[in-house]
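Quick notes on the structure that follows.
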Amino acid sequence: MAAASRRASTVPNAAASADTGVGSGFGASAPVAAILTYRDDTRIFRGNRDNFIDLLRTAKEEGVNAYIVAQDDLDVRARTLKGYVYSPSKKKWVLGDRPFPDVVYNRIPYRKFEQLPEVQNVINDCLSHPNIRFFNPSFFSKWSLFEWLSESRLTRKHIPETVRLGGLGDFARLVRKHRNVYLKPVKGKAGKGIMKVQQLAPKKHAAGNGGSGYKLTCQSAGGVESMTFDSITAMYDTVKRYMDGKEYIAQQGISLASAGGRPFDLRALVQKNAKGEWRVSGIGARVAGASSITTHVPRGGSIGDPTKLLATVFGATAGRAILKQARETALVLASQIEKGSGHTLGEMSMDLGVDTTGKLWFFEANSKPMKFDEPHIRQTSLRRLVRFWKYLVAADRPEPTARVRAKRSRSRGERGAAKRRDR
C-alpha cells in the first residue's frame, strides 16, 4: 500500500507531533517499543486494535514510548520509523515519524502472514540487529513443542503420547492403543481442524450402529460433523481428506475432569516480569460446549472459574492444591519451551488438562496469547508485559564506567550544595 493511501486512512502526518494521545508525549530517554504487525491492501494494519490501544495506554503509564509498526515500515537501517499511535480525541490512528525502537514486540496475527518472505526478512533483521531486543519471533509448531518438552524429565511426564502423523501405520497404532485419540494440525489455531477418534464399545456398535467400531468427529469453521466406520483403514481415508495435505499430530486422548457433564481444562498465561523471570499472570478455565470436542470458546466453549470447577470435582482442599500445582507446572513448562526454542521468549498461554485423577497434562501453548477475558488477568498481563520490555532495555544497557560514576557523584554533590545555599 502506498504511503499516500496509508495516510488517507489516518489523521494527517502533520498532526503526529502535536498529538497527545495514547503512545505520544515522551522524553528522549524513554525506552521505545515498536509493536510489529502486518499491513495488507485492505487496512492500514491488521491485529486486535483494542488490544493495541490497551498496550499503548499501559506503556504510556509505565513511561515507555510505544507505537504500532507495519512490516513494510520497519527498516532497521533507518534512524526513525513510520508508526501509528492512537488519538482518543480524534478516535483515529495517527501515522508519524517515531524513534527507532529498543524493543520490537511481534504481534503478526496469522501464520500465513508471518511466513511470507518479506515478513521473514523483517524478523531476521530484528533478530540480528545489535540494538533491537526481539522476543517471541514466531508462532509455535505443535510438534516442536512436544519435542522440546520430551527432552526434560520434569516436563516429559506431563505430555500425552504424541506422534507425527506420517501415515496409516502411525494412525492405526495409536488408535488401537488408546480409547480416544485427537488429531491436531501442527500449525492450527483456536481448535480449528481438530478431529477426535473414539473406539466404540462392542455392545454399542453391534446393537444398531451398522457394526461400526470407530467414531470420527471433525471440527471445522462450519461446525462439528460425526461419522462411524467399520475399520481403521476406512476411517483413515476420510481423515486424509479432512487433513487436506496439512501436517498433523496424533495424540492420546485424556479423560478430563467434568463439571455438570462437561469437560473443562485450564488456560494459563505465563509471562516474564520486570526482572526477566517467568511468572504466572493468571489461570482461567474453559468448559467444553454441548457438542464440541474441545474447550475453545470460538468452537462453543465457555469461560469458567477454575477454583469453583476444581472444588466441584475434587473438593475445595484438593482443588486448591491442583491449582497451585498447575501454577508451578506452567513455570517449568515455559522454561523448557524457551530452552527448546533457542530464542528469548517473554510470554505464552498454555492449555493444561486435569484428568479424573487430578493429574496435570500439557496440551498446547501459544506464543501470541489472545486477550484473556478475566479482568484481573488482563490487567496483570498488560502491566507485566510492558515492564518486561523495560527490563530488556535496562538489561542491555552497559554499566557506567568509574569515570562516569564519579562525575555523577560530583554532580549530585554540587546540586546538594546549591540547594543548601539556596536555603
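The figures that follow rest on heavy atoms only: side chains count, while hydrogens, waters and symmetry mates do not.
- No side-chain donor-acceptor contact under 3.5 Å links Gln71 to the backbone of Val122.
- Arg111 and Glu247 are not joined by a salt bridge, as no carboxylate oxygen comes within less than 4.0 angstrom of a charged side-chain nitrogen.
- Tyr110 and Gln115 share no donor-acceptor pair across their side chains, judged by distance under 3.5 Å alone.
- Considering only heavy atoms from C-beta on, Glu225 comes within 4.5 Å of Tyr242 through its side chain.
- For the residue pair Asn106 and Glu114, a side-chain donor N or O sits within less than 3.5 Å of a side-chain acceptor on the partner.
- Under the 3.5 Å distance criterion, with hydrogens and angles disregarded, no donor-acceptor pair is assigned to the side chains of Arg267 and Asn366.
- Annotation for Phe264 and Leu256: closest pair O-CD1, 3.8 Å, computed over non-hydrogen atoms.
- Seen from the ring of Phe45, Arg49 counts as a face-on cation partner, given the 6.0 Å and 45° thresholds.
- Residues Ser231 and Thr233 bring no donor and acceptor atom of their side chains to less than 3.5 Å of each other.
- Counting only distance, with no hydrogens or angles, the side chain of Gln271 and the backbone of Gly346 share no donor-acceptor pair below 3.5 Å.
- Between Phe135 and Tyr105, the ring-plane angle classifies as parallel under the 30° and 60° cut-offs.
- Under 4.0 Å is where a charged nitrogen must lie from a carboxylate oxygen, and between Asp54 and Arg378 at least one such pair does.
- No hydrogens or angles considered: nothing links the side chains of Gln252 and Glu161 as a donor-acceptor pair under 3.5 Å.
- Between Arg384 and Glu347, none of the side-chain N atoms (NZ, or NE/NH1/NH2) sits under 4.0 Å from a carboxylate O, so this pair counts as no salt bridge.
- Between the side chain of Asp170 and the backbone N or O of Gly166, at least one donor-acceptor pair lies under 3.5 Å.
- Checked for salt-bridge contact, Glu277 and Arg279 meet the test: a charged N lies under 4.0 Å from a carboxylate O.
- Gln336 and Thr155 are not linked by any side-chain donor-acceptor pair at a separation below 3.5 angstrom, with hydrogens and angles left out of the test.
- One finds no salt bridge joining Arg164 and Glu147 here, because no Lys/Arg side-chain nitrogen approaches an Asp/Glu carboxylate oxygen to under 4.0 Å.
- A salt bridge links Asp97 to Lys82: at least one charged side-chain nitrogen sits closer than 4.0 Å to a carboxylate oxygen.
- Classification of the Phe388-Tyr391 ring pair by plane angle, with boundaries at 30° and 60°, yields parallel.
- A donor-acceptor pair is defined here as one N or O able to donate and one able to accept, closer than 3.5 Å; no such pair exists between the side chain of Ser335 and the backbone of Val332.
- Relative ring orientation between Tyr236 and Phe171 is described as tilted, the plane-to-plane angle lying within the 30° to 60° band.
- When all heavy atoms are compared, the tightest approach of Ile337 to Ala365 is CD1-CB, 4.1 Å.
- Ser341 places a side-chain N or O within donor-acceptor distance of the main-chain N or O of Glu338, the cut-off being under 3.5 Å.
- The closest donor-acceptor contact from the side chain of Ser150 to the backbone of Phe146 lies under 3.5 Å.
- Side-chain contact of Thr37 with Arg46: a donor-acceptor pair under 3.5 Å is absent, judged by distance alone.
- A donor-acceptor pair is defined here as one N or O able to donate and one able to accept, closer than 3.5 Å; no such pair exists between the side chain of Lys142 and the backbone of Ile249.
- Between the side chain of His129 and the backbone N or O of Asn131, at least one donor-acceptor pair lies under 3.5 Å.
- Under a 4.0 Å N-O distance rule, the pair Lys324/Glu328 qualifies as a salt bridge.
- A distance of 6.0 Å or more separates the ring centres of Trp93 and Tyr84.
- Side-chain atoms of Thr217 and Ser226 form a donor-acceptor pair, as typed in the model, at a separation below 3.5 Å.
- Using a 4.0 Å cut-off between a side-chain N of Lys or Arg and a carboxylate O of Asp or Glu, Glu62 and Lys390 qualify as a salt bridge.
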